[in-house]
Amino acid sequence: MEKWSAATIRDFRRTLLDWYDQEGRDLPWRQDHDPYHVWVSEIMLQQTQVNTVIPYYQNFMATFPTVTDLANADEATLLKAWQGLGYYSRARNLQRAARQIVTDYQGHWPKTAAELTDLVGIGPYTAGAIASIAFGEVVPAVDGNAFRVFARLLLIDDDIAKPQTRQVFERAIQPIVDPKRPGAFNQAIMDLGASYMRAKNSDPEHSPVKAFDASYQTGRVADFPVKTKAPRPKLIPYYAVIVHSPAGYLLVQRDATQMLTGYWTFPLLLQADLPPADATETNNLAQDLAAITRQFKTDYQLDLDLTVVGGQPVSHTYTHQRWRVKLLVAELATTPSLAFFPGKWVAGSEIATLPLPKVQEKMMTRFQNQGHPAAFAKN
DNA sequence: TAGTCGTGGCT
DNA sequence: TAGCCAAGACT
């Protein structure tokens, strides 16, 4: 690992901040240093690209202008505002933290990184970002950009995929943070990491800090940062049961034990949960259809005549799971009671008003393209 | 600690 | 295409 002298540190700060003042990005959440604005933007930006966040941020601020508005919002409105951003626990934690601020802190923000970590959804990175940008605390904000930028600048070869590596970087960066402008310093590092010092297609030759870039000076940019790769997503087969009656489509809201908590989908059944097939030559699909029909009858008192929706199964890949969803449909002439089924009927024209995950949108599109073009038409 | 948790862009 | 990456936190 490289060690910088006090003179080098001063030179680096000046070079970095001069560049940032000239070339730093003009982003909606950089209009001011309001902690609410900084906080919401930082949560949205977790594992999410800037261009994706911009329209969500603008809509979010129009819908929930203050932390009090967010604390008082109903969950459906909140989840709808977050729909498509992913990592949906961020949205629910955001509201939990808003309520913490309003009730536990009487609306007064904690102003240090150490205190900010007590708010749900604020970890070491986000605490450093808010503390430095909104309150001027001299602390690093170590995100993926900071890992990458300083791994290259200082030739730090610790594996950034390992949790204990964070403190290595925090200790290395802390003395370099500009004590006069810690927020600008941290944001400048992020802008650098999103431009000249990207993970792929980096351009260290034209970087404003190339003179400080030990990886570039020694021809080893591609070797930093060191990061072990994640395991491959696991294939998980599902059946989606599309039940249509005069009252609309049968939808279920995902509970707190599941991913996509609070969002609505067609009923989904794990293929692995269905009664096992015989060890004979019998058709698996037919057996599964029979098992699903039996389950709806006995558990929910719903009589379904299931048919397979044409086309390929819907495929949707998450970070650690790859869903393969076969669509089934049952058309009912009359609307049965849902006294035994944990879901509700929703008119085709009303489904889009609910918070829906991407996989549900894919299933709806596939269904429409397989002989039901007007199923979810908007009125 | 290592696994969990979404989606879109890009190669 | 399949895989990696993008302003991580939580358990």
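Letters A, B, ... mirror the listed sequences (proteins, then strands); counts begin at 1.
If you take atom P in dA9(C) and the same atom in dG8(B), they sit 22 Å apart, rounded to whole Å. Comparing the same atom, P, in dA6(C) and in dC5(B) gives a spacing of 22 Å after rounding to whole Å. Atom C1' of dG3(B) sits at a distance of 22 Å from the matching atom of dA7(C), rounded to the whole Å.
Taking only distance into account, the side chain of Thr319(A) meets the base of dG6(B) through a donor-acceptor pair shorter than 3.5 Å. For Thr317(A) and dG6(B), a side-chain-to-base donor-acceptor distance below 3.5 Å is absent, hydrogens and geometry of angles not being considered.
Among the atoms of the strands shown, none is found under 4.0 Å from any heavy atom of Trp323(A). Among the protein residues, Arg198(A) comes within range of no part of the nucleic acid, since none of its heavy atoms lies under 4.0 Å from any strand. Using a 4.0 Å heavy-atom cutoff across all strands shown, Ala199(A) reaches sugar-phosphate atoms only and no base atom. Within the nucleic acid shown, Arg148(A) comes within 4.0 Å of sugar-phosphate atoms alone, with no base atom in reach, counting heavy atoms only. Across all strands, Leu27(A) comes closer than 4.0 Å to base atoms (heavy-atom distances). Arg96(A) comes within 4.0 angstrom of nothing in the nucleic acid, heavy atoms only. Contact annotation for Pro124(A): backbone-only contact, meaning every heavy-atom pair under 4.0 Å involves sugar-phosphate atoms and none involves a base. Gln164(A) comes within 4.0 angstrom of the backbone, heavy atoms only, and of no base. When heavy atoms are screened at a 4.0 angstrom cut-off, Val53(A) is found touching no nucleic acid atom at all.
Salt bridge status for Arg30(A) with Asp191(A): present, with a side-chain N to carboxylate O gap under 4.0 Å. A salt bridge links Arg181(A) to Asp21(A): one of the charged nitrogens lies within less than 4.0 Å of a carboxylate oxygen. Ion pair Lys111(A)/Glu115(A) not flagged as a salt bridge, since none of the NZ, NE, NH1 or NH2 atoms sits closer than 4.0 Å to an Asp/Glu carboxylate oxygen. Between Asp159(A) and Lys227(A), no side-chain nitrogen of the basic residue sits less than 4.0 Å from a carboxylate oxygen of the acidic one, so the salt-bridge criterion is not met.
The phosphate of dC10(B) (OP1 or OP2) has no side-chain N or O of Lys200(A) nearer than 4.0 angstrom. The phosphate of dC5(B) (OP1 or OP2) has a side-chain N or O of His320(A) nearer than 4.0 angstrom. One finds a side-chain N or O of Tyr88(A) lying less than 4.0 angstrom from the OP1 or OP2 phosphate oxygen of dT7(B).
Regarding Met259(A), its CE atom lies at a distance of 13 Å from the C1' atom of dG3(B), rounded to whole Å. Remark: P of dG9(B) and CG of Leu85(A) are 12 Å apart, rounded to the nearest angstrom. Taking atom OH of residue Tyr87(A) and atom P of nucleotide dG8(B), one finds them 13 Å apart after rounding to whole Å. In this entry the distance linking OH of Tyr318(A) with C1' of dG8(B) reads 14 Å, nearest Å. We find that NE2 of His316(A) is positioned 7 Å from C1' of dT7(B), with the value rounded to whole Å. The CG atom of Asn51(A) sits 10 Å away from the C1' atom of dG9(B) (whole-angstrom rounding). Met44(A) has its CE atom 16 Å from the P atom of dG6(B), to the nearest Å. One can place OH of Tyr56(A) at 10 Å from C1' of dG6(B), the figure rounded to the nearest angstrom.
Comparing Pro163(A) and Gly86(A) along DNA chain B, the residue whose closest nucleotide (by nearest heavy atom) sits nearer the 5' end is Pro163(A). When each of Ile122(A) and Glu42(A) is assigned the nucleotide of DNA chain C with its nearest heavy atom, Glu42(A) is the one assigned upstream, toward the 5' end.
If you walk DNA chain C from 5' to 3' and mark each nucleotide with an atom closer than 4.0 Å to a heavy atom of chain A, the marks span dG3(C) to dC10(C).
For the 3.5 Å distance criterion, the side chains of Thr261(A) and Arg254(A) fail to qualify, holding no donor opposite an acceptor. Between the side chains of Arg96(A) and Gln100(A), no donor-acceptor pair is found at a separation under 3.5 Å.
A donor-acceptor pair under 3.5 Å is formed between the side chain of Gln368(A) and the backbone N or O of Phe376(A). Between the side chain of Arg322(A) and the backbone N or O of Thr317(A), no donor-acceptor pair lies under 3.5 Å.
Each of Lys80(A), Gln360(A), Lys344(A), Gln253(A) was checked for a side chain to side chain contact (heavy atoms under 4.5 Å, CB included) with Leu354(A), and the lone residue meeting it is Lys344(A).
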